[in-house]
Amino acid sequence: MVKFGVIGYGYWGPNVVRNLQSLQGAQVQAVCDKSPAARQRIHRNHPNIYVTADAAEVMTSPEIDAVAVVTPVWTHFELAKEALENGKHVFVEKPFTSNTKQAEILIDLAIQKNLKIMVDHTFLFTGAVKKIKQLLQEGSLGQLYYYDSTRVNLGLFQHDVNVIWDLAPHDLSIMDYLIEKSPEALVATGQTHLNGHEDVAYITLYFPEKVIAHVNVNWLSPVKVRTTLIGGEKKMLVWNDLEADEKIKVYDKGVKITSQEGLYDLLVSYRSGDMWSPQLEQVEALRHELTYFVECISNGQTPFNDGAAGLRVVKMLEAANESLSKRGALVYL
Ligand SMILES: NC(=O)c1ccc[n+]([C@@H]2O[C@H](COP(=O)([O-])OP(=O)(O)OC[C@H]3O[C@@H](n4cnc5c(N)ncnc54)[C@H](O)[C@@H]3O)[C@@H](O)[C@H]2O)c1
């Protein structure tokens with residue numbers, strides 16, 4: 001039984017607590033939130049869980065093996081560091097930290113103390129991303145050409161970070177997982193309209209082997225869109241995460257270009273074959289992820305979404321901010 005303390009019971013914290021409570025191998029020992037209203041909500045939803053306003057109580061409790069940090073990004077480093085220093089494994093929300101230096105310190109500390117860090121890159125545990133990974137690994141799509149994601153909606157405005165730090169970690173962690181290569185450079189553009197942080201932004205990432213990725217993130221969209229296009233040499237797919245069924249559609253479409261000796265014109269042929277929608281696993285991603293974290297702790301295994309994976313995403317976010325500040329200058333990673 002892995003005993004957890006959870007810090008932060010705002011929007012996302014309740015999902016972490018509910019899922020941990022439902023696992024066979026885990027138990028939530030205490031939940032901490034600075035806000036009295038949040039503490040009342042914990043009491044109401046989980047009358048048997050110990051509630052506190054003082055994070056130090058969770059950090060130093062000998063009853064607790066692992067701490068989940070579900071607070072705003074600017075607090076992740078201090079809270080995760082304190083947990084590691086007190087010998088606790090750490091589950092920390094995305095984005096891992098506010099900068100690469102902090103991420104490196106936490107990774108070193110976890111190694112020194114022989115503790116696990118898992119960064120909550122929830123999408124990696126969805127049926128959709130698992131299926132796309134499988135299609136790429138078995139070569140169904142052929143050589144990858146591009147990844148193009150639109151992740152827009154109205155709000156929720158964050159007070160401490162821009163829309164890139166809020167929404168793009170999802171896409172960046174998915175790309176990191178699917179493409180399995182680090183980008184060479186990126187360009188980010190955006191604009192600030194309301195609260196001093198960019199609320200509309202576009203990132204273009206250049207990966208090795210001519211793979212290009214684009215992410216459109218926006219808090220000022222009248223409609224919610226969660227659509228990703230992934231194009232390969234053999235097949236292309238559309239992933240609409242808002243679809244209840246048939247979230248992924250794989251199209252047997254492609255283009256072939258040949259040139260014949262003696263002909264100046266290129267011969268272009270288009271292929272338009274069948275479309276199919278693969279069956280996806282239906283388990284709640286966070287439940288899957290937390291089950292895996294408990295297994296990693298119990299078996300001494302390093303999670304694939306560990307601190308190093310969190311650091312790779314933070315590097316891209318940091319580079320995106322640098323490019324934004326220079327109105328879209330190319331930044332090498
Ligand atoms: N994985 C996902 O899909 C996903 C979804 C939403 C949010 N998140 C992440 O979860 C984190 C929290 O986001 P949120 O939307 O729940 O934020 P939120 O502001 O709704 O909630 C944060 C809570 O933490 C509490 N808190 C802050 N500092 C604290 C401290 N030092 N000690 C105790 N309590 C403290 C606040 O009182 C608040 O109740 C962020 O890092 C965010 O990026 C992840």
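As a basis for the values below, the full set of heavy atoms in this structure was taken, side chains included, without hydrogen atoms, waters or symmetry mates. Numbering of ligands and ligand atoms starts at 1, following listing order.
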Rounded to the nearest 0.5 Å, how far does [atom2] of [Y] lie from [atom1] of [X]?
X: Arg271; Y: Lys253; atom1: CZ; atom2: NZ; result: 10.5 Å
X: Asn218; Y: Leu167; atom1: CG; atom2: CG; result: 9.0 Å
X: Ile164; Y: Met316; atom1: CD1; atom2: CE; result: 13.0 Å

Shortest protein contact, [atom] (heavy atom only):
atom: atom 36 (C) of ligand 1; value: Asp33 OD1, 3.4 Å
atom: atom 7 (C) of ligand 1; value: Trp12 CB, 3.7 Å
atom: atom 11 (C) of ligand 1; value: Thr71 O, 3.3 Å

**Request:** Would you indicate which of His159, Glu82, Lys94, His170 comes nearest to atom 3 (O) of ligand 1 when only heavy atoms are counted?
**Result:**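 Closest candidate by heavy-atom distance is His170.
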
Considering distance alone, does some N or O of [X] sit under 3.5 Å from an N or O of ligand 1?
X: Lys34; result: yes
X: Tyr11; result: yes
X: Gln158; result: no

**Asked** Counting N and O atoms only, with roles assigned by atom type, does the side chain of Ser323 sit under 3.5 Å from a partner on the main chain of Val187, one being a donor and the other an acceptor?
**Response**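 The answer is no, because no donor-acceptor pair under 3.5 Å joins these two groups.
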
**Request:** Check whether any side-chain N or O of Lys88 sits under 3.5 Å from a backbone N or O of Ile64 as a donor-acceptor pair, and report yes or no.
**Result:**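 Yes, the answer is positive, given that a donor and an acceptor are paired below the 3.5 Å cut-off.
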
**Request:** Establish, for the pair Arg151 and Phe123, whether the NZ or CZ atom is under 6.0 angstrom from the six-membered ring centre and no further than 45 degrees off its axis.
**Result:**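 The answer is yes; both the distance and angle limits are met.
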
Give the contacting part of [X] toward ligand 1: side chain, backbone, both or neither, where contact means a heavy-atom distance below 4.0 Å.
X: Glu93; value: side chain
X: Thr122; value: side chain
X: Ile7; value: side chain

**Asked** Is Lys116 paired with Asp306 through a side-chain N to carboxylate O contact shorter than 4.0 Å?
**Response**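 Lys116 and Asp306: not salt-bridged.
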
**Item:** ligand 1 atoms in contact with Pro72 (distance to a heavy atom under 4.0 Å)
**Value:**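 Counting from 1, the qualifying ligand atoms are 22 (C), 27 (C).
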
**Prompt:** For ligand 1, which atoms have a heavy atom of Cys32 less than 4.0 angstrom away?
**Reply:**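 Numbered from 1, ligand 1 contributes 33 (C).
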
**Prompt:** For Glu233 and Tyr145, what are the C-alpha separation, side-chain angles and deciding distance, and is it a side chain to side chain contact (heavy atoms under 4.5 Å, CB included)?
**Reply:** CA-CA 7 Å; Glu233 179 195 11; Tyr145 286 164; 3.5 Å; yes

**Prompt:** Should the pair Phe125 and His288 be assigned to parallel (<30°), tilted (30 to 60°) or perpendicular (>60°) ring geometry?
**Reply:**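 Because their plane-to-plane angle lies in the 30° to 60° range, the rings of Phe125 and His288 count as tilted.
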
**Prompt:** Is at least one protein non-hydrogen atom found at under 4.0 angstrom from atom 16 (O) of ligand 1?
**Reply:**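 True for atom 16 (O) of ligand 1.
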
